[in-house]
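A quick write-up on the structure given underneath.
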Amino acid sequence: MKKILMAILSLALACGIGVAAVGCGGSDAIVVCGREASSGTREAFDKVAANAAGDTLDDYSSEQNPDEAAEAGYVSGAQYFSSTGTLATKVAQTEGAIGYISLSSVDESVKALSVEGVAPSEATVLDGTYKIQRPFVFMWNKTVALTPVAQDFLNFLKSKTAQDVVKEEGGVSLTEGEARNDEGAIDYTAPTAAPAGDKKIVVRGSTSMNDLMDALIGKYCELNSSWVKESDFDMSLQGSSTGREAVDKDTTGNVIGMASSAEAEDTPRNYFNVALDAVAVVVNPANEISNITLAQLYDIYTGAITKWSEIK
Amino acid sequence: MNRVKAKEYASKALFAAAAIVCIVAVVAIFVFIVIRSIPALSKIGFFNFVFGDVWNPDRYDEYVTDPLAGRYGILTMIVGSIFSTVGALIIGGILGFFTAVFLARFCGPRVKRVFGAVINLLAGIPSVIYGFFGMAVIIPLFANISPTGDGAGLLVTSLVLGIMILPTVVALTKNGLEAVPQELYEGARALGATHEQAVFKTVVPAAKSSIVAALILGVGRAIGETMAVIMIAGNSPEIPGGLFGSFRTMTANIVLEMGYAGEVQMGALLATGVILLVFIAIINLLFGLVISGGKKNKGGKKLSLGVTMPKWLNFSAIGKVVSWVCAVFVAVFLVLIIGYIVIRGLPHITGDLLFKNYHYGGEPALLPAIVSTLLLIVVSIVIAVPLGIATAIFLNEYTKKGSKFVRIIRSSIDVLSGIPSIVYGLFGMLTFVVWFGGSSSILAGGFTISIMLLPTVIRSTEESLKAVPDSFREGSFALGAGKVRTIFKIVLPSALPGILSAVILAIGRVVSETAPLMYTMGSVLQPMPDGFLGSGATLAVALYALAGEYKYMDEAYATACVLMVLVLILNFFAGFIGKRLGKKFQGENNAVRKTKKQSKQSSED
């Protein structure tokens, strides 16, 4: 009897501590969430979010403020996540949170904002009115010749068949030459016999392109089922920077890198853009805001705006 | 006769060789990390590195670059690691201590058994799951009282880390409390102390050294944790501004940047590993001091304290209540985390998810991950267990007791068992992955994990060997058996239960480890691995990968559920084997004792 009483008492106390924690009210503060420095999503976002003077978050982090900058420059106290999944979970759970994820990862648990009055969608990405967009890039080494198998796989990636896969996966297909940085989508015909040499193909880079690449490899294996094995592909993804790193270090000519942000003009790598993707600015569904400007984003991520009530 | 002698020498050589391999492997990690970090340290400057408060690395910095474009100060992360560890110690230490007291002295045997098993289950839950639980359940709770409007940061990290070190603290404290001779307790009661007074004033002080040791080991766990921390700490490299400030720990720094780090940056990450090693070494040193100090002043003056000070009566009574509250709190937390995973995951476990092969572009399926996990277990157990057991035999059976050389080896093994798994991952990525063809493979992951397991296997085997009474060995020698024969026929069979449960716990660690495998074995869901040189994700990594793009959260939670069941089964097996075999050998002992008693009785008659 005494024991039962004790158990009830302690349960009450333990619960009491829990309830006390819940007791107080919410606040209007903005919880700034971003991705880690190797993320292509972050790079794409940082390059577009700019203030009235045209300074982007990218400039802010790398040049303007190297001393006070925490990790490459968001406001002090910002939180960094190592995957889309953890960031989206965070935004879905936190009333005051703001973050950015690939449009294809948005579901009903988070709310995608319009940017400068334009909602993210395939159409607004293609016509360029939705500003925060980035290409999905395939890269390979400039100095080392690709192995025959890697070259054949690359031809497939450049093909119209690959573009069909892009559409199936919900990406914004790119077939025109200029936006792709190549001659445009080509026709791919599967080789009748296995190309010579080692068949291993190494895929490294952006986690945002995981689903797309999975589907592309699946299609490629289907087309070349006579000689390609799925295990010929060695895929490991840890962010766009890891893809560039792997391509730069490639000495065999079998590395295909993936980046989910645009390559620089003076890039040391060969590349082409296979698709476009919108980076959606996401907030908690309970948040009443539905539109945001690029300057506001810049101010939020640099700490000039800290409260939701300042955005109207 | 000569053949026997040759056999003896050959076996001794074999055991010694195993010991040398282990020690070399173990020293190699240390030397490798230190040597690889020296150029970076000298380039950055040791002082600037340790006391610099800006971390803003530049991927294109090389050792020839002058001046460096990036800045490499890890002070903020050192502070972050210390703060979160101290927080974890406060929360996990208090909860763990009182829960252990509750289990050891304030509950019935049935509650004790079930509760104890469940706490062991906590130890086997992959840290990724703790991370998601922290994000989805605890942080929203804290958000309400946080001035920043968000619950992430120091407090929640300390709480989650505290819960994660709880199994270690509880297990060791409980063992310590149970090892206190019952006579002390009975003596206190005989002098008129209540049950509570006897426990808190007599038993607890007598177990002081093992309690402190438990806390120190817990600190080692907390400082080395990675995956859960990167989900809930916020990760901005700054000194935590209050309980809800975003901060980054040293381990988080390594895992966030190792994948793409440039030359100087990689050096700086390795140097971060070195600083972590230094911390672990200090913690182990403290551990050693406490243990040896505890042995010296066992018994004696402390014991009288409790009974002679009746005015402290209230303290003991309060202690009892606190024990109850802590135990209930832990139980509630356990129910919450297990319930959370089951509710989110169980409905989504389907036959297709579990037993269908995954193909590129298809629906996510776990069969390749299950196979990869099994292959990884095979590789790591095949390497770590024979080597570890042989080393332990060499250390325990072939060397002189108390020799300085062995003591040094032993303490270096202890240091290694405290190294954060992410440091092993870093080591594996820079060595094994390169050796096995430059891309992640099951073999590379297996070697990495093996080295990580070695210290645990060696230590627990040694413990079981030590527990075998010397009279067994002497009896065997007296009957004319050689050393090898004695070891294989007498010592090892008696130590088997302990060794087996150590192996099963090692498998549990393989199953739930994430961070060191992501860069050595594979980080995304893949089709069936192509042998040991193929890459693949284990279940724990698959869980992280599935949650990675926020598209397969249901499948991720289902994977978590599967993992938890797996850990539960492993724990059950460990307990079962330990008990079953233990009984068998204890049974023999009892039989021996009984016959003695009987003969005594008969002679008295």
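Hydrogens, waters and symmetry mates are skipped; everything else that's a heavy atom, side chains included, is used. To find a chain, count down the sequence lines: A is the first, B the second, and so on, and within it residues start at 1.
For A:Ser208, the parts lying under 4.5 angstrom from a heavy atom of chain B are both the backbone and the side chain. Both the backbone and the side chain of A:Ala88 have a heavy atom closer than 4.5 Å to some heavy atom of chain B. Interface remark: A:Val202 contributes no atoms to any contact with chain B (heavy atom separation under 4.5 Å). In this structure, no portion of A:Asp232 lies under 4.5 Å from any heavy atom of chain B. No part of A:Tyr220 comes within reach of chain B, as not one of its non-hydrogen atoms sits under 4.5 angstrom from that chain. In this structure, chain B has no heavy atom under 4.5 Å from any part of A:Ser102. Using a 4.5 Å cut-off between heavy atoms, A:Thr94 touches chain B through its side chain atoms alone. Within the 4.5 angstrom heavy-atom criterion, no atom of A:Lys219 approaches chain B. Residue B:Ser440 touches chain A through both its backbone and its side chain, counting heavy-atom pairs closer than 4.5 Å.
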**Q.** Working for side-chain contact (heavy atoms from CB on, under 4.5 Å), residues B:Glu549 and A:Ser83
**A.** CA-CA 7 Å; B:Glu549 288 304 301; A:Ser83 71; 5.5 Å; no

Q: Would you please test B:Asp150 and A:Gln79 for side-chain contact (heavy atoms from CB on, under 4.5 Å) and show each step?
A: CA-CA 10 Å; B:Asp150 180 39; A:Gln79 298 182 36; 2.4 Å; yes

Q. Between A:Thr242 and B:Tyr519, does a side-chain hydrogen bond (donor to acceptor under 3.5 Å, both in side chains) hold up when you go through it step by step?
A. CA-CA 11 Å; A:Thr242 59; B:Tyr519 290 90; over 6 Å; no

Q. Could you go step by step and tell me if B:Phe132 and A:Thr86 meet the side-chain contact (heavy atoms from CB on, under 4.5 Å) rule?
A. CA-CA 8 Å; B:Phe132 275 109; A:Thr86 46; 4.3 Å; yes

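Smallest separation of non-hydrogen atoms from A:Lys90 and B:Ala152: NZ-CB, 3.4 Å. Pairing each heavy atom of B:Tyr358 with each of A:Glu230, the nearest pair is O-OE1, 3.9 Å. Here the closest heavy-atom approach between residue B:Ser236 and residue A:Gly77 is recorded as OG-N, 4.2 Å. The two residues A:Asp214 and B:Leu525 have their closest heavy-atom pair at OD2-O, 4.5 Å. Nearest heavy-atom pair across B:Val524 and A:Met235 is CG2-O, 3.5 Å. The minimum heavy-atom distance linking A:Glu245 with B:Ala261 is given by the pair OE2-O, 3.8 Å.
Between the side chain of B:Ser523 and the main chain of A:Leu237, a donor-acceptor pair closer than 3.5 Å is present. The closest donor-acceptor contact from the side chain of B:Ser246 to the backbone of A:Ala78 lies under 3.5 Å. Without hydrogens or angle criteria, A:Gln238 side chain to B:Met518 main chain gives a donor-acceptor distance under 3.5 Å.
Chain A forms more heavy-atom pairs under 4.5 Å with one residue of B:Ala327, B:Ala547, B:Ala136 than with any other, namely B:Ala136. If you tally non-hydrogen atom pairs under 4.5 Å between each of A:Ala215, A:Ser240, A:Ser105 and chain B, the highest count goes to A:Ser105. Note: B:Tyr360 leads B:Phe244, B:Tyr360, B:Phe247, B:Tyr544 in heavy-atom pairs under 4.5 Å with chain A.
The CG atom of B:Leu256 sits 11.0 Å away from atom CZ of A:Phe81, with the distance rounded to the nearest 0.5 Å. One finds the OG atom of A:Ser231 at 11.5 Å from the CG atom of B:Leu533 (value rounded to the nearest 0.5 Å).
In this structure, the side chains of A:Thr84 and B:Lys551 stay at 4.5 Å or more apart for every pair of heavy atoms. By the 4.5 Å heavy-atom criterion applied to side chains, B:Asn235 and A:Glu36 are not counted as neighbours. The side-chain heavy atoms of A:Gln93 and B:Ile139, taken from C-beta on, include no pair separated by under 4.5 Å. Between B:Tyr550 and A:Val106 the shortest side-chain heavy-atom distance does not fall below 4.5 Å.
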